[in-house]
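For reference, the structure is listed below as structure tokens.
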Amino acid sequence: DDGSCPLTEIYQEKYSFMSRADYWVAASNAVIKLRSPNNELDLKSTFKWGRVDADQCPDAALRLPGDTDCGEVQDVFLNRLGLTWTDAVALLGAHTVGRGSSDFSGHDGIWVDTNQEATIFDKRYYEEVLRRAWVPRNEGTALQDWTWGGGNNGSPRFMLNTDMCLLFDVETTFPCCTRTDLTRNDGSNQCDTNNSVLRGTECGRTTNEEAATAMVQFAGQQDDNPSRFNNDNGPFFTAFSAAWEAATTNGWDNLQELALSCGTVSPTPAPSTQLPTTSSSPTTSLSPTGLQVEGECVEESTYDAISLDIEAASAAQPNNVARSHFLGGILRLAAHDFMDFDRNNAVSPMGADGCIDWDHPANSGLETIWCDDGSCPLTEIYQEKYSFMSRADYWVAASNAVIKLRSPNNELDLKSTFKWGRVDADQCPDAALRLPGDTDCGEVQDVFLNRLGLTWTDAVALLGAHTVGRGSSDFSGHDGIWVDTNQEATIFDKRYYEEVLRRAWVPRNEGTALQDWTWGGGNNGSPRFMLNTDMCLLFDVETTFPCCTRTDLTRNDGSNQCDTNNSVLRGTECGRTTNEEAATAMVQFAGQQDDNPSRFNNDNGPFFTAFSAAWEAATTNGWDNLQELALSCGTVSPTPAPSTQLPTTSSSPTTSLSPTGLQVEGECVEESTYDAISLDIEAASAAQPNNVARSHFLGGILRLAAHDFMDFDRNNAVSPMGADGCIDWDHPANSGLETIWCDDGSCPL
């Protein structure tokens with residue numbers, strides 16, 4: 001309650017107009033979505049608001065399940081919450097995220113294999129129960145639980161009795177071992193430990209067929225083999241979604257769905273000079289997400305919503321090949337828009353103006369990213385939600401979203417540098433003639449230095465965006481990726497620079513207009529390539545052409561990587577460029593160590609810092625009056641409060657504007673509020689110092705919401721409790737939750 005916990009801090013700063021109960025469920029939904037693979041489990045459609053916080057909940061903790069046996073599970077989930085065994089098994093699968101602590105529950109460890117996995121919401125919990133040899137731990141004490149007999153190597157895996165009893169009869173045959181067929185590397189049986197020899201006492205299967213069937217189904221066990229599993233989270237996610245909705249809405253009959261928009265907009269006079277409504281903000285409008293826009297104005301919440309939409313569209317791509325094309329295409333679209341700027345042309349400077357010369361071969365392929373019929377995801381999102389913005393502003397915002405979402409831990413967040421107010425041009429004749437070709441560094445100098453007014457360091461930083469995306473023989477004619485794998489071609493980091501340094505690059509398509517460079521070591525169906533305009537930043541690829549960039553590297557068979565079917569270049573190493581500024585930036589951004597072009601550090605910082613400055617300069621070139629994102633663009637017209645109103649201390653005030661500019665009237669929560677909570681939880685998670693802290697934070701949010709709803713009793717008409725924002729903080733069953741939610745506001749949540 002002191003606000004020192006991240007979860008509380010976010011709530012007190014932004015969302016105190018909601019009830020705690022609604023916020024805890026929304027925050028948990030954010031954890032589940034953000035930590036499920038490809039954000040697959042999105043519970044937004046099932047979320048409803050309107051829970052009222054209780055000031056007191058005496059003896060609520062006495063209704064929580066203990067950790068002794070499945071009788072506890074039955075009493076809470078079936079008898080009092082009114083769920084099924086399948087529901088109970090699904091909800092307990094949330095143990096996959098989080099950890100037990102000897103400081104709190106007394107049970108120490110994680111339910112999955114690694115600290116990293118303890119931050120992922122998937123079906124691994126069920127797989128772990130089946131695939132390991134579990135043996136009792138702390139036998140004969142109140143803290144008796146189960147641990148892996150194979151050896152925990154400093155990362156203790158554990159299960160509670162209430163986990164094990166869902167599949168095994170751990171009472172009748174106790175003490176026992178769940179799998180007597182498994183051995184350690186030294187040949188000893190995993191069921192035999194320093195404390196007991198259990199190789200001859202295998203735990204039988206529970207007689208609770210519904211629970212056992214759900215455990216096996218959610219694990220995706222294959223061929224009746226408890227060590228083989230499929231990759232389908234679907235059965236678990238489907239069951240969890242239904243069970244979670246039932247559990248979090250228990251006892252509340254009049255909950256409301258998220259509103260597209262809660263209020264109305266009071267028109268204000270249009271500015272004397274107004275952008276065309278076809279490509280920028282109308283005088284006064286409400287976007288489909290409920291984000292208020294007045295005059296020429298873009299809110300922070302609009303920017304954040306674009307990021308969420310780009311993330312969803314990326315996750316919807318069928319594979320990394322398609323995903324890298326989509327993500328890289330967005331960056332290329334924005335770059336081809338701003339790279340036609342010419343500071344020396346006062347009549348037609350162009351720049352980021354939402355205009356592309358679609359018919360020119362230099363822009364081939366961009367029609368699959370932006371298409372006027374709205375069939376491309378990026379265009380579809382724009383037309384449905386953001387057409388009040390100029391295309392130019394939207395393309396930069398969408399590119400910023402790609403950069404943030406695909407940088408490790410969302411580290412490169414360009415929100416603070418984003419400005420809006422670019423005006424779209426209807427025509428940009430010969431714009432493509434200003435784009436850089438792919439022949440040599442003269443092209444780079446002409447575009448980035450002479451016309452855009454940047455430095456060589458800026459140019460090297462901007463070309464690092466090649467790390468995301470791919471070349472295609474169907475479009476540019478250059479086929480391949482700039483990095484090592486299709487997965488890496490979806491990540492925004494410094495790998496592009498490392499690749500230039502660490503590989504033996506040899507000419508490809510020599511003597512043709514499509515001459516570029518490929519790795520001499522063998523591409524194994526995933527062609528790595530570089531353009532002349534990449535290579536010339538570090539090497540003198542003109543004077544010594546044809547040449548090989550590293551003559552010291554050999555293949556596995558001992559042959560030199562510079563020698564290919566087309567040429568023998570082991571004796572012709574490309575010299576270093578005389579452009580010291582460009583070469584220094586390449587090496588610095590790669591993080592080369594000890595003057596060794598095969599060794600690099602893990603610091604993206606120098607690249608990210610330079611890229612941020614160069615990107616801001618390039619995307620704002622030619623625009624003198626761009627505006628920073630607004631906290632809120634407009635004003636709210638009050639409407640009468642409903643006849644029965646929730647207490648303002650724990651729910652929406654009659655009429656208010658939250659700090660993010662999200663409009664709230666009466667008792668109402670908008671879709672954009674829900675999405676903003678998700679962004680805040682993601683940021684708080686990323687801010688955790690390591691996976692141990694992150695798993696505690698994420699799992700703690702889920703535990704907080706669960707301990708709120710698990711005290712529901714459908715048989716108690718006087719005090720049913722349930723999800724009411726009330727926790728019995730002094731009870732040992734809730735120990736540790738005070739690090740997740742604290743009244744002083746020092747907890748992030």
Side-chain angles (χ1 to χ4, degrees), residues 64-73 89 92-118 124-206 208 211-212 215 219 226-227 691-692 695-696 699-700 703 732-736:
L64 299 178
D67 54 22
T68 56
D69 56 43
C70 270
E72 302 272 0
V73 180
V89 171
L92 286 168
H95 278 163
T96 193
V97 173
R99 59 196 315 107
S101 170
S102 54
D103 293 332
F104 303 133
S105 67
H107 300 280
D108 185 51
I110 51 180
W111 280 268
V112 287
D113 195 35
T114 67
N115 290 321
Q116 166 68 18
E117 288 176 5
R124 190 59 184 263
Y125 161 83
Y126 306 103
E127 296 179 12
E128 290 292 298
V129 173
L130 272 75
R131 76 186 185 97
R132 293 197 186 278
W134 296 99
V135 296
R137 181 177 69 169
N138 304 321
E139 202 173 334
T141 73
L143 294 175
Q144 186 266 309
D145 52 23
W146 299 73
T147 191
W148 178 39
N152 285 291
N153 302 323
S155 180
R157 293 81 164 178
F158 88 110
M159 292 283 166
L160 299 170
N161 287 325
T162 44
D163 299 309
M164 303 306 293
C165 66
L166 299 172
L167 185 61
F168 301 104
D169 178 4
V170 292
E171 297 179 46
T172 306
T173 52
F174 188 88
C176 57
C177 176
T178 60
R179 289 194 56 182
T180 57
D181 59 318
L182 300 179
T183 58
R184 303 182 183 91
N185 291 337
D186 63 4
S188 61
N189 195 287
Q190 292 188 16
C191 294
D192 300 342
T193 66
N194 293 334
N195 300 320
S196 56
V197 177
L198 295 173
R199 76 183 78 171
T201 311
E202 186 162 283
C203 307
R205 181 171 166 127
T206 178
N208 184 338
M215 291 290 288
S227 296
N691 282 323
V692 172
S695 64
H696 172 73
R703 184 173 172 235
N734 294 314
S735 180

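Annotation: side chain of Leu64 is in contact with side chain of Asn734 (closest heavy-atom distance under 4.5 Å). With contacts defined as side-chain heavy-atom distances shorter than 4.5 Å, the pair Arg124/Arg131 qualifies.
Looking only at distances, a side-chain donor or acceptor of Thr178 sits under 3.5 Å from a matching main-chain atom of Trp134. The closest donor-acceptor contact from the side chain of Thr206 to the backbone of Asn208 lies under 3.5 Å. Listed for the Glu117 side chain is a donor-acceptor partner under 3.5 Å among the backbone atoms of Asp113. Under the 3.5 Å distance criterion, the side-chain polar atoms of Thr141 are matched with a main-chain donor or acceptor of Asn138. The closest donor-acceptor contact from the side chain of Thr173 to the backbone of Val170 lies at 3.5 Å or more, if one exists at all.
Within a 6.0 Å sphere centred on CG of Asn194, other residues, nucleotides and ligands contribute 12 heavy atoms or fewer.
In this structure, a donor-acceptor pair under 3.5 Å is present between the side chains of Ser695 and Arg99.
Annotation: the span from Phe104 atom CZ to Arg703 atom CZ amounts to 8.5 Å, rounded to 0.5 Å. In this structure, CG in Leu160 is found 10.5 Å from CG in Leu143, a value given to the nearest 0.5 Å. Taken to the nearest 0.5 Å, the CZ atom of Arg184 stands 6.5 Å off from the CG atom of Asp192. One finds the CE atom of Met164 at 6.5 Å from the SG atom of Cys203 (value rounded to the nearest 0.5 Å). Taking CG of Asn691 as the start and OG1 of Thr114 as the end, the distance is 7.5 Å to the nearest 0.5 Å. One distance of note links CG of Asn161 with CZ of Phe168; it measures 13.0 Å at 0.5 Å rounding.
Using a 4.0 Å cut-off between charged side-chain N and carboxylate O, Arg132 and Glu128 make a salt bridge.
Leu92 and Thr162 make their closest contact through CD1-O, 3.9 Å (heavy atoms, listed as atom of the first residue, atom of the second, distance). In terms of heavy-atom proximity, Pro156 sits nearest to Asp108 at CG-OD2, 3.8 Å. Across all their heavy atoms, Tyr125 and Leu166 have their closest contact at OH-CD1, 4.0 Å. When all heavy atoms of Val112 and Arg157 are compared, the pair lying nearest together is O-CG, 3.1 Å. In terms of heavy atoms, Pro136 sits closest to Leu198 at CD-CD1, 3.7 Å.
Note on ring orientation: taking the six-membered ring where Trp is involved, the planes of Phe158 and His107 are parallel (angle under 30°, cut-offs 30° and 60°). Using a 30° and 60° split on the angle between ring planes, His95 and Trp111 fall in the parallel class, below 30°.
Among Gln190, Arg199, Glu202, the one residue that satisfies the side-chain hydrogen bond (donor to acceptor under 3.5 Å, both in side chains) test with Thr180 is Glu202.
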Yes or no on side-chain contact (heavy atoms from CB on, under 4.5 Å) for Leu130 and Leu167, after CA distance, side-chain angles and deciding distance? CA-CA 8 Å; Leu130 272 75; Leu167 185 61; 3.5 Å; yes
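The SG atoms of Cys177 and Cys191 lie less than 2.5 Å from each other.
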